[in-house]
Amino acid sequence: MENREDLKSILSYLPLKLESSTLAWPNQVIEALKSLSQGPSHSRVDSGEVLFLTISDLRNSLSLSPTLLARSTGDGYALFFDEFLSRAESAKWFGEVVPMMAALLLRLPTLVESHYQYADIIMIGSDTGLRLLQPQQQGIVFLSQ
C-alpha cells in the first residue's frame, strides 16, 4: 500500500495515517467516532453546541487548523440544530444521522484500502486508482450517474 504513487498523491488530503502499510485513524479519533456511532445516549452529543465542540475536538485530534473555521461557526450549529429545527427533527438527526455518519467514517480507512486493492483489476493496463493529476498529466476520468 505504501508504494502506491496514486495513494501518495491524495494522502495529504485525507485525515488518515499510513501505518505499516494500512490506513488508520488516530486512536483518539477512533474512540470519538465509536462513541458517536452509539448515539446520543452514549456520546452525549444531542445539541448543535455539543456537536460543534465534538467536531472541534476531532479536528484538534487530527491536527487540523482551527483557523479554517469562522468564529461564529459554533453559533451557527447551535442556531440550526437547537432553534431552526424542531425538537423531533433535531432528535432524529442526533439519534440516527450522526451515528450513521460516524459509523461510515470508522469504515473510511477500510473503504479506501479496498478501493486501491481492486482499482488495478477494473481495467487491465490502466491505472484506475484515485489520484491527483499533475498539470498536463494524462489520465482517465470515470463518470457515472
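Since this is a predicted model, take the numbers as computed values, not measurements. Computed from heavy atoms alone, side chains included, the values below leave out hydrogens, waters and symmetry copies.
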ILVMFWY network linking [X] to [Y], side-chain heavy atoms under 4.5 angstrom:
X      : Y      : result
Met100 : Leu105 : no
Met101 : Leu64  : yes
Leu130 : Leu18  : yes
Phe52  : Leu79  : no

Closest contact, heavy atoms only, [X] versus [Y]:
X      : Y      : result
Leu108 : Trp25  : CD2-CZ2, 3.8 Å
Pro26  : Pro15  : CD-O, 4.3 Å
Val50  : Val45  : CG1-CA, 3.7 Å
Leu16  : Pro109 : CD2-CG, 3.7 Å

Are any of the side-chain heavy atoms of [X] and [Y] separated by less than 4.5 Å?
X     : Y     : result
Leu51 : Asp46 : no
Arg59 : Leu69 : yes
Thr54 : Ser43 : no

Go through Ile30 and Leu33 one step at a time and tell me if the side-chain contact (heavy atoms from CB on, under 4.5 Å) criterion holds.
-> CA-CA 5 Å; Ile30 291 172; Leu33 290 174; 6.0 Å; no

Is a donor on one side and an acceptor on the other found under 3.5 Å between the side chain of [X] and the backbone of [Y]?
X      : Y      : answer
Ser35  : Glu31  : no
His115 : Gly129 : no
Ser90  : Arg87  : no
Arg131 : Ile10  : no
Ser37  : Pro99  : no
Ser72  : Asp75  : no
Asp82  : Gly48  : yes

Verify whether the ring centers belonging to Phe94 and Phe81 lie closer than 6.0 Å.
->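 Ring centres of Phe81 and Phe94 closer than 6.0 Å.
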
Nearest 0.5 Å, please: how far is [atom2] in [Y] from [atom1] in [X]?
X      : Y     : atom1 : atom2 : answer
Thr110 : Leu23 : OG1   : CG    : 9.0 Å
Trp93  : Ser47 : CH2   : OG    : 14.0 Å
Glu5   : Leu7  : CD    : CG    : 9.5 Å
Leu11  : Arg4  : CG    : CZ    : 12.5 Å

With sequence neighbours excluded, tell me which residues meet side-chain contact (heavy atoms from CB on, under 4.5 Å) with Ser63.
->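 Once residues adjacent in sequence are excluded, Ser63 has no partner under the side-chain contact (heavy atoms from CB on, under 4.5 Å) criterion.
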
Does atom CD of Gln28 have more than 12 heavy-atom neighbours from other groups under 6.0 Å away?
-> no

By ring-ring contact (aromatic ring centres under 6.0 Å, His included), which residues pair with Phe84, not counting sequence neighbours?
->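 Testing Phe84 for ring-ring contact (aromatic ring centres under 6.0 Å, His included), a comparison that skips the adjacent residues, returns Phe80.
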
Short N-O contact, Glu89 and Lys92, less than 4.0 angstrom |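 Salt bridge between Glu89 and Lys92, a charged N being under 4.0 Å from a carboxylate O: no.
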
